[in-house]
Amino acid sequence: MKRLLLIGILSVFFFSYSFAQERTISGTVTSSDDKSGLPGVNVVAKGTNTGVITDMEGKYKLSVPANVSTLVFSFVGFLTQEVEIGNRTSIEVVLVADTKQLNEVIVVGYGTQKKGDLTGNIASVAGKEIQNIPVTSFEGALQGRAAGVFVEQGNGKLGQAMKMRIRGASSISASNQPLFVIDGIPVTSQSQSATGADTNPLADLNFNDVESFEVLKDASSAAIYGARAANGVVLITTKKGKAGKTKVSINSQAGVSNPTRQREFLSAQQYVDFYTEALRNSDYSQAEIDEFFGFYAVDTDFKTSGINTNWQDEIFKKNAGFTQLDLSMNGGTEKTKFYVSLGSLDQNGIMVGNRFQRQSLRLNLDHAISDKLKVGLNMNFVRSYNRRLAADNEFSSPMQIVALPPITPVRKKTGQLVDETDGLPYYNPLVELENAHFKTNSFRTFANSYLSYEIAKGLTLRGEFGFDLLNQNEDRFWGTVTQAGRGAGSTGVGQSRVVQVFNYTTKAYLNYNKVLADKHSIDFTGGMEFQRSQTDRTESRGQGITVDQLQKLASAPKITFGSSELTGFAFLSYFGRLNYKFANRYLLGVTVRSDGSTRFGEGNRFGTFPSASVGWIVSEEEFMKSLKPTLSFFKIKGSYGLTGNAEIGNFSQLPLYGGVGYAEIGGVRPTQLGNPNLRWERTAQIDVGVEFGLFDDRISGEITYFQKDTRDLLLNIPVAGTSGFATQFRNIGAMKNWGWEFSLNSNILTGQLKWNASLNLTLPKNQITDLGGLPIIDTGGSRYMNVAQVGQPIGAFFGVEYRGVDPKNGDALYDLNDGSGGTTTSFNTAFRNGKILGNPNPTFYGGLTNNLSYKGFDLSIFFQWVSGNQIHNAAGIFMSSSGYYEDNQTVDQLRRWQKEGDITDIPKATYFGGNGFASRTSRHLSDGSYLRLKTLTLGYNLPANIAKKVRMESVRLYVSGQNLLTFTKYTGWDPEVNTDFLATNIFQGVDFYAAPQAKTVTVGLNIGF
Amino acid sequence: MIKSLKYTILSVVVLCLVACEGQFEDIKPAASVEEKVALSSDKNIRSLLVGAYDAFTGGRLFGGYYQLHSELLAGDPVARDIRWRGTFADPGEVFSKSMAITNGDASAAWLNTYNAINVVNTILANLNTVEQANRARVEGEALFMRGVMYYQLVCFFAKQFNSATSQNDIGVPLVLLPASLANFVEEKPARASVAAVYQQILTDLNKAEAQLPESNGFYANKFVVAAFLARVHLQMSNFAQARDAANRVIQSGRYTMLVDYSFCFNNIKNTTEDIFAVQITVQDGTNNMATFFGGRNIGGRGDVQVQAPHLNLYEAGDARRAFFYTDPGTGRIHTGKWRDVVAANINIIRLPEMFLTRAEANFRLGTSVGATPVDDVNRIRTRVNLRPLAGSELTLDRILRERQLELAFEGVRIQDIKRTGGRVGSRLFSDDRLIFPIPDRELKSNPNLTQNSGY
């Protein structure tokens, strides 16, 4: 009804306008694909602001001033056509689909560029490709979508930090995450959480608002972000309004999630048999053995109760619900355009107690004050709520429940949950889940504004101001029966921690572009930028809460901890870029950026980061024209440049003392070694590649070789502990990343049955080449194996090779690695000749997408894979340890050595015996490769005439699955894993009770009108 | 014309908004101060002294791990007088005498102790900034802490003192100067001999005793130092000095034994028999003794379980035997000394130790300085409802047994076993595995260090 009204208003407007005009042109615009009418096509009288948009059937009617001789027809995804009017009053137009992706305009730093003219290396992913994927944050949806971009979600907890590596890790101690820029504003992307379960501030963005993601990979494209671009830059551009009829789009979807996999543990009977043997082997008497099981059976009799608890069933939710509703509208006039959206997401985690909700509101507005002066504002308000879980290493983490014996009942006869106070070996995480909470509320505002003024033709001045406000509260409570509550004298404990990050950016730059003598095309951008970020944290904690329903600090009579902090940083930058194109085929790009940062000593604040790139569009040469359209496009390009990294903590250069207290008397202590010489970490990157289009660009692709050499590493280097300190930040060491990237896109079928496929492959290598004279940095202690060692990839696993079991006595054997081929039972002896056992970094990863459509149906199949990496199960010393502790064991332990002559890889079971107990051995290392059916979507579009009957422009129903199938040799929960509390650049590929990924199935409905 | 004026104004405003230089200067740490400020005044150095106590009593030092390690090393995993039931693998390895060279506890003990030593060294290097009136006391307290920390280090990381061999036995690196935070130069010191380390300990403690006042709140005073001197001399078998130092503490009259043994522990304030205790409040301090030794029913981890072979050592009627409690949930027996996880001081050195030290030294020397050995021992016995011994019944073993039971689970057991040539199960006091390995991370960053034998 409203639509009719709107059309009515528009018609009145249209007719009233037409009195002044000379001619009226009408006609129909159809698609070359299926000859159907194309709605929404822009029809503009050339050289004027007069225009209309085609209706549902592709029809248009336009009054044209007498002096106009040409109409311009344009529509996204189709080639723009200009048609001479002549004497006609009716013009039928067939628009041809634009398969030449090289004509796409893509976003680059501080501007846009035609893809075909790029000399840098940018991976572009359209927002619509990942629209409606049921994950909380866009990085998860980008996984496997672009060459050179590696994404890993460390576990299946919602809203947690993710690892994103663009062309590998270039630093050891500074961050390896890329710089994230939303609509020109570098945003806060580091976790603001106090716990080891890092959160992801990027999950605040509703990625259904995103028009495109551009990943700047090479030096020349990223160097415009100079100092902070060594890890690549992810540019996120949100949707803009389009002139014409207001388009409304509604998307709603709902679904369920379950864990991708479960791990298999011993049953009650197997547990009793196994531990009876382990206890006997450790000289425990039958009475002691009965007592052992008696305690774990709590108030039942382990011999007769028949209890066989599968603890995983207690923490994994069955069919955890997911709902999402998005409403967006866009439209406007040539002068004022808008995009408005409302988004609501409610996702339940696969684990009991885990939930993520997000409400998002966005307004993107562009207004032309005149032809020359334009203003715009993008505003996004978000509230996200995360009901969180403890970090993986905490006893209260749900996954640690698997350690509990299967002979233990979940609840006592009184109905209360069993707990360690009943004699269990561990705290029962269910006690925490039922009697504690951990809620994080985040209020986020992304806003930016611009004013641009065309000073002269081709010369534009643009000023921008924007900020990213993050306001987060972590609210925690532990009831009187929880572990923390018990420790507080059996009273409840409350905690509140508030973080406010005010991060703003201002910039001003000039853009000049001109074509001289039809041959020389010049595009210059230059300006300055200032960013400042300030973080305020306030935290308090209290105890003494006696009524479990009173969960705020107001009810805590004893305030036991209070703190407030303030920290910040600033960057001041000057940048310039010149792109030059000669004769449409010779390309040159030069960029320079100079950055100053408060993170370095006064004399070393500024660093300059230049880059240069060249390209040659060979296919534009006369001598190549004969190869067209078979070889429709061919370009050779190369770039070289310097980028930097300053992502260390604030004030790492200063010699600092911090406040402490003893017996409630204030004091100070030295906290940090300073280094006045601290300066930028620098990465020199070379990039060489070809781009090609075959068969009139039906197949297009790109092959690239890259090499990144990082020097002056910002390395938190271990120092002799006798100095009173463990580490100091120094610019020491070097690291190298190199490899190949391939991407291929093809329109295999273009008729009624359409099929396009895209493939991307990356073969990355990483090697540490220097650690300032140190051979190795090893901070893993006894449990973790990841090290930084010269000549090895970052985080390589250093330990002892496990050689199986001595058939004579069941002892675990370690390789001596002294050339003798011999073995030892002593871990220390073997460790003296320890060696690299594996690599947590993949050596090959990629993604393959197939999109098919036939009539109203569309099908999308997306596979993603990672290979060549290993996983260290650091919880193996608990769950696969031949019964060292009381933990329930994985089923492989049933293969244990039992009698002389047994040939097996599982040592003799001994309770607290320590046989083969060491963690840093290949016993707990396995292949981490996997292939995953990441996304499968089947959609059905209602035929246009049926949609019309319900007054809709489009109606699409779909069903979609995420992580439906996983193929791997890994026997743990999920091969995409990195335990959260430990995760750093070095500590990767470690599984320590990390939650598996979610397998999600959703059904959805899109409506457009 | 008018139009372009408007645009010019707009452009200028935009540029003004953007150009905001000079905003670097006010970006400074707010929760920390630079070294030059921290060391700039008498008041600040005295704040640093509080910081030194904070470090000295930190969780990895006297906040509990020192004592825990001593007790775990002294525990017998075969006879199971105590058991380590915890899931922390590092203390588990200490108990099972199977420490890996990567053991996190050894590494933390080393790093945290040297970190605290650096704090006191910083104070000692900046005494000139301290006002004359405070200087001797500040220096004395710093020296006291340094001496005690080197004593702890040498006990864990090196062989037992033996006057015949200690000149050649390797001890720990002696670091007596602070690191400059602003202009750090990394030193890579070798290990000094055991004898040299003990020499430094005595130098520090003797000077501290001379300089400290008799009264100094819960901080170190003259007698606190004398009490530790007694401990160190006993460790070195310097019985006369040990006896005399203990006697100085006893005869000061500042300390008296409580009437009831069960009141000696889990107190928020020092009792009259506490010579030195770590102050724990709800806000400040870490009581790792309660964490590891306390039962789960009182909020501890219940990791150290006491079993019959230990409990059977107590004579019938001994009030100290009745001081153990059973966690009804886990059935584990725990010492009652560390059962307040919220806020109770950790007793580090109590007056009874002085009586037992004086008794042992007098007995060994055949002297009766201060009192006869049997009188001193009987003071301990009668308080816990045991009959007094006759002089003829007293043997060295009885004195040592009394010491073992009186000071049980207070963190001195392995030192006593080592100095008396005792055993832990089948292991002799000199067993390599009763000494910590030099941390692997330390060997890797300092090539001048050598590993202990057996690792």
Side-chain angles (χ1 to χ4, degrees), chain A residues 295 373 420-423 451 453 461 463 465 486-489 506-508 530 532 558 560 565-566 568-570 572 598 651 654-658 660-671 673-674 718-726 728 776 778-779 781-783 827-828 877 885 914, chain B residues 7 10-11 14-15 17-18 20-21 23-24 27 29-35 38 47-48 50-51 53-55 87 89 96 98 100-104 110-111 114-115 118-119 173 175 179 181-182 184 186 188-189 279 281-284 296-297 299 329-331 341-342 441-442 444-446 455:
Chain A
F295 267 109
L373 188 63
E420 57 179 348
T421 48
D422 301 310
L451 183 80
Y453 177 49
L461 172 68
F465 173 73
R486 285 201 294 274
T506 62
K507 60 188 156 201
F530 180 79
R532 181 171 168 150
K558 263 186 214 164
T560 54
E565 288 172 82
L566 170 69
F569 64 87
L572 175 64
T598 51
F651 313 120
L654 297 177
L656 293 180
Y657 279 62
V660 293
Y662 177 61
E664 297 175 15
I665 296 164
V668 293
R669 271 174 74 175
T671 51
L673 289 173
V719 298
T722 44
S723 65
F725 292 88
Q728 184 190 28
I776 187 169
D778 181 352
T779 57
S782 289
R783 195 179 287 172
F827 171 76
N828 277 338
I877 57 166
Y885 296 106
Chain B
Y7 295 160
L10 263 174
S11 302
V14 169
L15 285 175
L17 270 172
V18 169
C20 22
E21 282 188 71
Q23 299 209 24
F24 269 27
I27 296 174
S32 305
V33 290
E34 288 199 46
E35 185 177 42
S47 290
L48 188 54
V50 176
Y53 276 102
D54 178 56
T87 49
S96 59
S98 62
I101 55 175
T102 49
N103 185 283
W110 180 279
L111 287 172
Y114 276 106
N115 176 274
N118 183 56
V119 182
V175 179
L181 270 52
F184 178 64
E186 190 181 351
K188 302 197 170 181
Q279 307 297 303
T281 72
V282 175
Q283 276 99 345
D284 271 330
R296 290 176 182 175
N297 56 329
T330 61
V341 294
V342 180
R441 64 91 54 204
E442 200 61 19
K444 281 174 176 153
S445 46
N446 180 354
Y455 288 100

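Computed from heavy atoms alone, side chains included, the values below leave out hydrogens, waters and symmetry copies. Throughout, a chain's letter reflects where its sequence line sits, starting with A, and its residues are numbered from 1.
Considering only heavy-atom pairs separated by less than 4.5 Å from chain B, the leading option among A:Ser723, A:Gly658, A:Gly568 is A:Ser723. Taking chain A as the reference chain and counting heavy-atom pairs below 4.5 Å, the highest number among B:Glu442, B:Arg296, B:Lys188, B:Gln279 is found for B:Arg296. Across B:Val341, B:Val282, B:Asn446, the residue that shares the most heavy-atom pairs under 4.5 angstrom with chain A is B:Val282. Ranking B:Ala55, B:Ala31, B:Pro29 against chain A, the residue ahead of the rest is B:Pro29, based on heavy-atom pairs under 4.5 Å. Most heavy-atom pairs under 4.5 Å with chain B, from the set A:Asp422, A:Val660, A:Leu673: that is A:Leu673. With chain B as the partner, the residue from A:Gly674, A:Ala488, A:Gly661 showing the most heavy-atom pairs under 4.5 Å is A:Gly661.
For A:Tyr885, the ring pair (Phe, Tyr, Trp, His ring centres under 6.0 Å) partners two or more places apart in sequence, or in a different chain, are A:Phe878, A:Phe912, A:Phe917. Residues passing the ring pair (Phe, Tyr, Trp, His ring centres under 6.0 Å) test with B:Tyr53, sequence neighbours excluded: A:Tyr662, B:Tyr219.
Heavy-atom distances place both the backbone and the side chain of B:Glu34 under 4.5 Å from chain A. Both the backbone and the side chain of B:Asp54 have a heavy atom closer than 4.5 Å to some heavy atom of chain A. Of the atoms belonging to B:Ser98, not a single heavy atom falls under 4.5 Å from chain A. Interface residue B:Gln283: backbone and side-chain heavy atoms are both found under 4.5 Å from chain A. The contact between A:Leu566 and chain B is made by backbone and side chain atoms together, counting heavy-atom distances below 4.5 Å. Both the backbone and the side chain of A:Ala726 come within less than 4.5 Å of a heavy atom in chain B. In this structure, chain A has a heavy atom under 4.5 Å from the side chain of B:Pro173, while its backbone stays farther away. Both the backbone and the side chain of A:Tyr657 come within contact range of chain B, with heavy atoms under 4.5 Å apart.
Rounded to the nearest 0.5 angstrom, B:Asn103 CG and A:Arg783 CZ are separated by 11.5 Å. B:Glu35 CD to A:Leu654 CG: the interatomic distance, rounded to the nearest 0.5 Å, is 11.0 Å.
For the pair B:Asp284 and A:Ile665, the tightest heavy-atom approach, listed with the atom from each and the gap, is OD2-N, 4.3 Å. Residue A:Phe569 comes nearest to B:Ile27 through the heavy atom pair C-CD1, 3.8 Å, listed as atom of the first residue, atom of the second, then distance. In this structure, A:Ser782 and B:Thr102 approach most closely via the heavy-atom pair OG-OG1, 3.0 Å. When every heavy atom of B:Asn115 is checked against every heavy atom of A:Gly724, the shortest pair comes out as ND2-O, 2.8 Å. Taking all atoms of both residues into account, the shortest heavy-atom contact from B:Ala100 to A:Asn828 is CA-OD1, 3.2 Å. The shortest heavy-atom contact between B:Leu48 and A:Pro670 is CD1-CD, 4.0 Å.
The environment of NZ in B:Lys444 is crowded: more than 12 heavy-atom neighbours from other residues, nucleotides or ligands sit within 6.0 Å.
Side-chain atoms of B:Ser32 and A:Phe651, non-hydrogen and from C-beta on, never get closer than 4.5 Å to each other.
Panel note: side chain B:Glu186, backbone A:Ala720; a donor-acceptor pair is recorded below 3.5 Å.
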